[in-house]
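What follows is a set of notes on a single structure, which appears directly below.
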Amino acid sequence: MLNYRNLNVLFTLLMLTVALSTVAAPPKREFYEIKIYHLKNAEQESRVEAFLKDAYVPAAHRAGIKNVGVFKPVASDTTAGKLIYVLTPLKSLDQLLALPKTLDKDASYASAGKDYIDANYKNAPYARFESIVLQAFTSAPMLTKPNLTGPKSQRVYELRSYEGHTEKIYQNKVKMFNDGGEVPLFKRLGFNAVFYAEVIAGSHMPNLMYMTTFEDKASRDAHWKSFSDDAEWNKLKVNPEYQNNVSKNTSFFLYPTDYSDI
């Protein structure tokens, strides 16, 4: 027969088991969609922005998606006025598949986005869009809003893509971020990263992408100078385990729109 003492021991063990299982469980890795609108002219740019600001972002909020990022190329970029980037964080791939149906049922979304949604085939609001689907790194499983205070129009958000020669070599670069210490290095040096993620569907695979953020161009340049001078980085980059694991490195310099959550 169980006595009070035995019951107390069992209860303590049960609580300890629950606590340990909670601590041991890693955060669930988010998914992201980066949608890139390709625009022919200023009119299309204006129409897509009106749709995003008045229809898509508010509807995403109503669907439980809190942090939607909308970005445009910096003025000095040759793609300025031609591209708009939309970053949507997702809890699962199921949410990605379900989102269009959720939006279709939203009457406010349909009303606010009518010009875009019901556009005539002779007057489309964009030339084309592409979609990139990503899964967050194990070492950075969730999106982080940048800790910046300056005007959004002056900020520089750097979206980087690292392509690999093969799938196996690409995974070595992912390991360099997760296990080699590259993510903590960026954090220590104050790069204000929004996300780090593996591309699971896109046009430049195999590749990973990440986004770092800065108050302005001068801050961006200063941070990368500190990175290149850092003793830890200079040790990591010559580590034999991580050699020749990037075939192409591309940077996209963006700034957030005034209605971007990020």
| message | Check whether Asn245 reaches the backbone of Tyr242 with its side chain - one donor and one acceptor, N or O, closer than 3.5 Å. | response | yes
| Closest non-hydrogen atom pair, Pro89 against Leu143 | CB-CD1, 4.2 Å
| request: For the pair Tyr32 and Phe195, name the ring-plane relationship: parallel under 30°, tilted 30 to 60°, perpendicular over 60°. | output: tilted
| field | Main-chain N/O of Lys82 paired to Thr79 side chain as donor or acceptor, under 3.5 Å | value | no
| Between Glu215 (side chain) and Thr149 (backbone), is there a donor-acceptor pair under 3.5 Å? | yes
| Glu182 CD to Met176 CE distance, which is reported to the nearest 0.5 Å | 4.5 Å
| task | Using a strict cut-off of less than 4.0 Å between a Lys/Arg side-chain nitrogen and an Asp/Glu carboxylate oxygen, indicate whether Lys66 and Asp261 qualify as a salt bridge. | result | no
| Is there a donor-acceptor pair closer than 3.5 Å between any side-chain N or O of Glu45 and the backbone N or O of Tyr126? | no
| Would you call the rings of Phe186 and Phe191 parallel, tilted or perpendicular, where under 30° means parallel and over 60° means perpendicular? | perpendicular
| Does the side chain of Phe253 reach to within under 4.5 Å of the side chain of Phe71, using non-hydrogen atoms? | no
| query | Can you tell me how far the NZ atom of Lys35 sits from the OG atom of Ser131, to the nearest 0.5 Å? | reply | 6.5 Å
| query | Using 4.0 Å as the upper bound for N to carboxylate O, is an ion pair formed by Asp221 and Lys225? | reply | no
| message | Donor-acceptor pair, distance only, cut-off 3.5 Å: does the side chain of Ser111 make one with the backbone of Ala107? | response | no
| Close side-chain approach of Phe129 to Val48, heavy-atom, < 4.5 Å | no
| query | In Å and rounded to the nearest 0.5 Å, what is the CZ to CG distance from Arg29 to Leu134? | reply | 11.0 Å
| So, Arg155 versus Asn192: side-chain donor-acceptor pair below 3.5 Å or not? | no
| Does a donor on one side chain and an acceptor on the other come within less than 3.5 Å for Gln44 and Tyr37? | no
| query | Has the side chain of Ser219 got a donor or acceptor atom that lies under 3.5 Å from a matching backbone atom of Phe214? | reply | no
| message | Could you see if Trp233 belongs to whatever hydrophobic cluster contains Val183? Use Ile, Leu, Val, Met, Phe, Trp, Tyr and a side-chain cutoff under 4.5 Å. | response | yes
| Is the backbone N or O of Phe51 less than 3.5 Å from a side-chain atom of Asp115, with the two atoms forming a donor-acceptor pair by type? | no
| task | Spell out, as yes or no, whether a donor-acceptor pair under 3.5 Å connects the side chain of Lys152 to the backbone of Ser260. | result | yes
| task | Please confirm whether the backbone N or O of Ser228 pairs with a side-chain atom of Asn234, one donor and one acceptor, at under 3.5 Å? | result | yes
| query | Can you say whether the rings of Tyr196 and Tyr210 are parallel (under 30°), tilted (30 to 60°) or perpendicular (over 60°)? | reply | parallel
| remark: Closest heavy-atom pair, Thr213 versus Pro146, reported as atoms and distance to 0.1 Å, is OG1-CB, 3.1 Å
| said: Keeping Ser226 on the side-chain end and His223 on the backbone end, is there a donor-acceptor pair under 3.5 Å? | reply: yes
| Below 4.0 angstrom, N of the basic side chain to O of the carboxylate: do Lys175 and Asp179 qualify? | no
